[in-house]
Amino acid sequence: MMKHLLAVALLSLASVVQADEALETKLLNEFMNYSMDCSSPIPNAAQTFQDYKKLNRIEEYLLKDKVLPLNVGTSSIMGGGLLLFTQSPLQGFVLGGGSSVLQVYSTPDFKQSVLFYMVTSEGPGPLELVLVNQQPFQPQLTCITLDTPKEINAGGWKMEYSLPVSFNIEPLGKGIIYTEATIDDAAGQPKTLWFAYHTQDGGQHWSSPQQLFTAPPKHLEGLYQLMAPSP
């Protein structure tokens with residue numbers, strides 16, 4: 001009896017694994033056929049959301065135990081990337097291929113969100129962000145690629161990159177992003193560089209990076225609050 005139950009359990013597990021592998025292949029094929037332009041809408045978003053959820057590849061974000069009505073579908077498959085799902089109604093958009101989310105911010109009413117992300121496959125890419133305006137029935141996405149600080153690439157690119165430290169935007173539209181990068185100096189010793197990007201229009205456009213010579217604050221007051229990934 002025990003051997004029979006074990007055999008049944010193993011067959012059931014093998015069947016689940018095969019089904020998951022088939023679903024992974026399906027999602028990868030779908031992803032590779034999407035437009036890779038950030039904010040491109042995806043067809044059949046509701047079914048795709050459920051498929052990612054079945055594979056435990058849907059990330060939720062929290063603000064004081066309240067769930068942000070925005071999810072990220074993350075593919076761990078080679079050649080995959082990030083999809084953004086908005087709720088009420090559920091819609092799906094491409095963020096980018098081979099990318100990883102770095103930080104997520106939102107206003108307390110969840111109507112405006114900002115996601116920082118970066119291409120991380122085959123070497124780090126530039127720092128990118130998407131502004132999400134959760135308007136009824138039709139979310140508005142603004143995708144931005146920040147200029148890479150020239151100081152990082154001085155002497156040739158050695159896969160150095162800049163990561164966000166803190167961010168916020170004031171009610172009248174002025175805002176700032178602080179980033180940092182660790183590079184090797186002329187003697188081959190690591191050193192940290194800091195940079196600031198500025199906006200005057202609520203984040204729709206950002207300045208070139210300005211190098212700082214002291215570490216920036218890790219928290220900025222403004223409209224947005226940093227979200228925590230759901231445990």
Side-chain angles (χ1 to χ4, degrees), residues 12-121 125 128-145 203-204 223-231:
S12 178
L13 177 60
S15 181
V16 169
V17 170
Q18 289 176 355
D20 286 350
E21 289 177 348
L23 184 55
E24 286 181 346
T25 300
K26 170 180 175 286
L27 293 179
L28 177 58
N29 289 336
E30 289 178 355
F31 192 92
M32 298 304 290
N33 286 319
Y34 296 148
S35 167
M36 286 295 102
D37 293 334
C38 175
S39 80
S40 297
I42 65 169
N44 304 318
Q47 182 60 56
T48 302
F49 177 80
Q50 292 302 322
D51 289 343
Y52 272 78
K53 194 171 183 179
K54 183 177 180 181
L55 293 174
N56 295 317
R57 299 223 178 102
I58 291 293
E59 187 73 70
E60 292 183 337
Y61 297 90
L62 305 176
L63 181 61
K64 297 179 180 178
D65 297 327
K66 292 184 178 179
V67 180
L68 180 70
L70 178 153
N71 307 108
V72 176
T74 304
S75 172
S76 63
I77 311 166
M78 183 63 67
L82 297 176
L83 297 178
L84 179 70
F85 295 97
T86 60
Q87 305 294 331
S88 301
L90 195 155
Q91 298 187 54
F93 305 89
V94 172
L95 282 186
S99 301
S100 300
V101 173
L102 302 173
Q103 290 183 348
V104 177
Y105 290 81
S106 178
T107 55
D109 60 9
F110 293 157
K111 292 183 179 179
Q112 310 261 352
S113 303
V114 176
L115 285 81
F116 289 90
Y117 64 101
M118 176 185 290
V119 172
T120 50
S121 65
E128 301 183 72
L129 65 145
V130 57
L131 283 70
V132 185
N133 186 355
Q134 293 270 59
Q135 296 291 343
F137 307 113
Q138 188 55 52
Q140 301 294 319
L141 276 65
T142 302
C143 299
I144 298 161
T145 300
Q204 297 294 313
L223 296 172
Y224 291 86
Q225 297 184 33
L226 180 63
M227 307 292 293
S230 178

Chemist: If I take atom CD from residue Q204 and atom CD1 from residue I144, how far apart are they, to the nearest 0.5 angstrom?
Modeler: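 It is 6.5 Å, given to the nearest 0.5 Å.
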
Chemist: Would you please test T48 and E30 for side chain to side chain contact (heavy atoms under 4.5 Å, CB included) and show each step?
Modeler: CA-CA 9 Å; T48 302; E30 289 178 355; 4.0 Å; yes

Chemist: Keeping the roles fixed (side chain from S40, backbone from M36), state whether a donor-acceptor pair exists under 3.5 Å.
Modeler: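 No; zero donor-acceptor contacts below 3.5 Å.
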
Chemist: If you measure from CG on L141 to CG on L131, what distance do you get to the nearest 0.5 Å?
Modeler: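 Here the interatomic distance stands at 9.0 Å.
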
Chemist: Mind checking the CG-CD spacing from N71 to E60? Nearest 0.5 Å is all I need.
Modeler: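 The CG atom of N71 sits 5.5 Å away from the CD atom of E60.
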
Chemist: For residues 224-231, dump all side-chain donor-acceptor pairs below 3.5 Å to protein atoms at least two apart in sequence or in another chain.
Modeler:
none

Chemist: Taking it one step at a time, do Y117 and V72 satisfy side chain to side chain contact (heavy atoms under 4.5 Å, CB included)?
Modeler: CA-CA 11 Å; Y117 64 101; V72 176; over 6 Å; no

Chemist: Between G92 and F85, which heavy-atom pair has the shortest distance, and what is it?
Modeler: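 Here G92 and F85 meet closest at CA-CD2, 4.0 Å.
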
Chemist: Measure the spacing between CG of L68 and OG of S113 and express it to the nearest 0.5 Å.
Modeler: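 So the gap between those two atoms works out to 4.5 Å.
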
Chemist: Taking the side chain from S99 and the backbone from G97, do they hold a donor-acceptor pair closer than 3.5 Å?
Modeler: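 Judged by distance alone, yes, a pair lies under 3.5 Å.
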
Chemist: Find the distance between CG (L115) and CG (L82) and round it off to the nearest 0.5 Å.
Modeler: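 It is 9.0 Å, given to the nearest 0.5 Å.
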
Chemist: Taking atom NZ of K26 and atom CG of D51, what is their separation to the nearest 0.5 Å?
Modeler: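 Output value for this atom pair is 4.0 Å.
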
Chemist: For a quick test of reading the model, state the closest non-hydrogen atom pair linking N33 to N29 and the distance between them.
Modeler: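 So the minimum-distance heavy-atom pair works out to ND2-O, 3.0 Å.
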
Chemist: Check for a donor-acceptor pair, side chain of Q134 on one end and backbone N or O of P69 on the other, with a separation under 3.5 Å.
Modeler: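 Present.
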
